[in-house]
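Reviewing the structure listed below.
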Amino acid sequence: MTEEKDLRYDPSAIEPKWQQRWAANAALYAAEPAGCGKPKYYVLEMLPYPSGQLHMGHVRNYSIGDALARHMWMRGYNVLHPMGWDAFGLPAENAALKNHTPPREWTLANIAGMKRQFERLGMGFDWATEVTTCLPDYYRWNQWFFLRMYEKGLAYRKKSKVNWCPDCATVLANEQVVNGCCWRHETTLVEQRDLVQWFFRISAYAQELLDGLDKLDGWPEKVRTMQRNWIGRSEGTEVDFNVEGSGDKIRVFTTRVDTIFGATSVQLAPQHSLVAAFTAHDSTLKAQVDELIEQQKKAREAGDLGAIEKHGVPTGKFALNPYNGERVPIWVANYILADYGTGAIMSVPGHDERDFEFAGKYGLAIRRVIAPSEASAEEPTLPFTSEDGVLVNSGEYNGLSCTAAEKKLQEVAVRHGFGQATVTFRLKDWGVSRQRYWGTPIPMIHCQRDGLVPVPDDQLPVLLPEQIEITQQGGSPLGRVPEFVNVTCPKCGGPALRETDTMDTFVDSSWYFYRYTDAKNAMAPFDPEVVKYWFPIDQYIGGVEHAILHLIYSRFWTRVMRDLGLVEIDEPVRRQFSQGMVIKDGAKMSKSKGNVVSPDDMVARYGADATRMYSLFAAPPDRDLDWQEDGVAGVSRFLGRVWRLVTKYAPVARSARGQQAEAPTGVSLKLLRKLHQTIAKVTLDFEGRWHFNTCVAAIMELVNDVQAVDAQLAAREVPAQVVCELMRSLVLLLAPFAPYLAAELWEQLGEESAVLRAPWPTSDPELAKEDELEIPVQVNGKLVTVVRVAPNAASEVIEAAALAEERVRARTAGKTVAKVIVVPGKLVNLVVK
RNA sequence: GCGAAAGUGGCGGAAUUGGCAGACGCACCAGACUUAGGAUCUGGCGGGGAAACCCAUGAGGGUUCGAGUCCCUCCUUUCGCACCA
């Protein structure tokens, strides 16, 4: 009875035991100091928002990272594997509204709960470096960085059209607007509001951020492409058209200045500054322009600006083409965007799809000014948008190629002062103001006398007031706290008002991974020397949803820090990995779909090891993973088999510890061969493609093979030394995937030090080599049989063996063998006629 | 519309370089054991066929001695971009 019970794999007994031991031994997962002399490995997973519950996506993310970290520990690296909390943000305020818990209390309680979940899962994090972004010892450095950026002109205030989410009751950055909706409220349309806001000048780094992508060869191409699209670099020319009969100029941006002789109108965005002047005394025009604005708004709200039906109105004014003085009408059109380029274009219907459509609709002139460079018999139909052509109908520029003409026309524009070559980016400055309470206070003061005054460094941090009532009233909650708002001006000592906006939480996550390396530093955000040792991050792992949010802000922030002299690198992350989503029944897990699987439930039923290992086994890490509970049960059964196998033979293994084995033969050789093949396979996957699903499968095969000869093992036909090597290596191979079971079995094998400190097994290529190969034999490409030959057998030998086969002779009888293809070690194919 | 990834048994997936398609696991079927367990062990498990064999990796063509893998056309799904001048 008791014996029976002891044989049973019981994670609910093993796991808490080791969890306690690990909690009591913080050194196990702690990084050694920067000066320790060991090669470092920094493995980072994106820090979670402390919502209160880990979900399966987290389990998968952190199981991948933890497996890698454990592997690298066993490879002898000094591993930094930290964890923290992205702890500012709106949900804490919403929770405060709902159940009257202060955001800080709610957040810290959630953190405590999730930390317990992490520990229960057996994640090997270095909690000594824990970072909690909502605590003053962290966010004071957000403020410090803000001031440094303000000094450099990289943080500035301006009034502009900004994205407003009515549900968040705050402004959003462009990156946080998805299909015209809020990234957190996917069905809430974002409104455009004119507000004075703080911005970070990320656009100053647009070119650098773009160029840097080429060097990030450890990043998924998908993420790099998304960032390239987002940055949206476009080379072109700006040209001034004078407005006839006034001193006004309209500056247009075009990528095809070579087509400028085909410009038959100038089109303004409805919000263009000149439009206001044109409509000032023309209420009919004003109404028409308002209609265009309304159409744009509707299209934007529908999330499909591309589908807007083109409309426009003539202003009755005319502009003059600076190259030939041609008089062209000025229109206002709804397909011109105010916030791209100059908000005005020259319309060239002959060589632009959109202009062609518009001109056709309103009867504007369409003129050919580019002819295809190859003098084909018939001219292609307009619009002809290729740049492979020569200029026609373009005065003195006729005959020039498009590229040559562009250069020439730019030179002329510069010489006459009406334009120049220019580069436009889609990337706009990062709006960081938030009209919310639970965020980093922006360390600025508004003084009636001195204007904007930065909070002096020695007055940091600007603390968030803790006694605050969260209400649904509009406006910044901090504005309703007089003790916070009313200050004396640091410059003149007179009464002044504190800035009441807080920072976007993406500020917190833009540099948190630097803080991990020196989390307790009270004098600076970090010690540059320490960062120098640990950076760049060797491997970053997280969801693809941050491809153009967090991951672009982080790259920007690192460059700002570089220019502040704090770091010497341009890029914080050497290798980036985006894991797939966890789905169930074909859909992303969500409360509304009712298909959420709780990690706690899984751990309670099957244990942390089985839950984690399933999340690695069910699919390659970069693909979506379909959660099937039966699969978890299957992994749990496998761990049970490992448990029974190792506990059964642990006494034999212990008896042979440290003994040298004799040259293996028979079953021993077969088992060791399989073992060393498995070691090679698993090791290779850690180094390369990370297909942990096939690693686990390979370990399962090994266990199957060992179990198949259980009778011989039980009969002691396999030397104890071989049993010892098998059992030890099996446990080591499992250690990154099933840390609890590995720790327990390692102990049962008589080991006293942690399995995490044991060296990763190495594969002996001699042992791994097969002594005989099965070579498939095909006749005309169809499999007929296999022949067994030595691995290094010469082609002639293999061919002879193949031809000697009964089944082969049956297939070739009465026919001629036209050709024999022998691929040594692979196959034989006989071509017969 | 443009770009990328993917499409393989009842299911998740494997096949890393053009070389035995379906490893491993789930589900299912049969059996063993039994103090009946969400236990364990053994065997089977793409389709057709009594068998020899034949057919099969979204569809159709092609290259090749040989194609899940390479090329072309098309279909479906997912993701990203989409009046960006």
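Just so it is clear: chains get the letters A, B, ... in the order the sequence lines come, proteins before strands, and each one is counted from 1.
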[X] near the nucleic acid: base, sugar-phosphate alone, or nothing, with a heavy-atom cut-off under 4.0 Å?
X	result
A/D624	sugar-phosphate
A/A633	nothing
A/F617	base
A/V823	base
A/I336	base

Integer-rounded Å distance: [N] [atom2] and [X] [atom1]:
X	N	atom1	atom2	result
A/D710	B/U42	CG	C1'	13 Å
A/I699	B/G25	CD1	P	13 Å
A/R623	B/A14	CZ	C1'	10 Å
A/W230	B/A4	CH2	P	22 Å
A/Q628	B/C24	CD	C1'	14 Å
A/I583	B/U78	CD1	P	11 Å

Self-check item: Ring centre gap for A/Y606 and A/Y614 strictly below 6.0 Å
Solution: no
Exercise. Step through it carefully: locate the ring centre of A/W331, locate the ring centre of A/Y362, and say whether they are under 6.0 Å apart.
Key: yes
Practice problem: Nearest 0.5 Å please: distance from the CG atom of A/N229 over to the CE atom of A/M226. | Solution: 8.5 Å
Among the candidates [options], find the nucleotide nearest to the side-chain atoms of [X].
X	options	value
A/E774	B/C83, B/A85, B/C20	B/C20
A/R426	B/C41, B/G13, B/A82	B/A82
A/V786	B/C20, B/C24, B/G80	B/C20
A/V831	B/C65, B/C41, B/A23	B/C65
A/R605	B/G12, B/G38, B/C41	B/G38
A/R811	B/C83, B/C26, B/C54	B/C54
A/A619	B/G13, B/G38, B/G80	B/G13
A/N829	B/G25, B/C65, B/C81	B/C65
A/Y340	B/A85, B/C81, B/G12	B/A85

For the residue pair [X] and [Y], categorise the inter-ring angle as parallel (less than 30°), tilted (30 to 60°) or perpendicular (more than 60°).
X	Y	value
A/F686	A/F692	tilted
A/F358	A/Y335	tilted
A/H550	A/H546	perpendicular

Practice problem: Please list every stem that involves RNA chain B, where a stem is a run of 3 or more consecutive Watson-Crick or G-U wobble pairs with both pairing distances under 3.5 Å. | Solution: B:1-7 with B:75-81, B:10-12 with B:24-26, B:28-32 with B:40-44, B:46-48 with B:53-55, B:58-62 with B:70-74
Quiz item: Who passes side chain to side chain donor-acceptor pair (under 3.5 Å) against A/R251, sequence neighbours left out?
Solution: A/E238, A/D240
Quiz prompt | Electrostatic pair A/E629-A/R605, nearest N-O below 4.0 angstrom | solution = yes
Quiz prompt | Short N-O contact, A/D585 and A/K593, less than 4.0 angstrom | solution = no
Quiz item: 5'-most contact on RNA chain B: A/K826 or A/D626, nearest heavy atom basis?
Solution: A/D626
Is there a side-chain contact between [X] and the phosphate of [N], meaning an N or O under 4.0 Å from OP1 or OP2?
X	N	value
A/Q778	B/C65	no
A/K819	B/C65	yes
A/R228	B/G3	no
A/K782	B/C55	yes
A/T225	B/C81	no

Quiz prompt | Spacing of the C1' atoms in B/G46 and B/C28 (rounded, Å) | solution = 14 Å
Exercise. Determine whether more than 12 heavy atoms belonging to other residues, nucleotides or ligands lie under 6.0 Å from atom NZ of A/K670.
Key: no
Self-check item: Near-strand residues of residues 680-694 of chain A, defined as heavy-atom separation under 4.0 angstrom from RNA chain B
Solution: A/K681, A/L684, A/R689, A/N693, A/T694
Practice problem: Say whether A/T694 and A/D685, considering side chains only, have a donor N or O and an acceptor N or O under 3.5 Å apart. | Solution: yes
Self-check item: N-glycosidic conformation, B/G62 - syn within 90 degrees of 0, else anti
Solution: anti
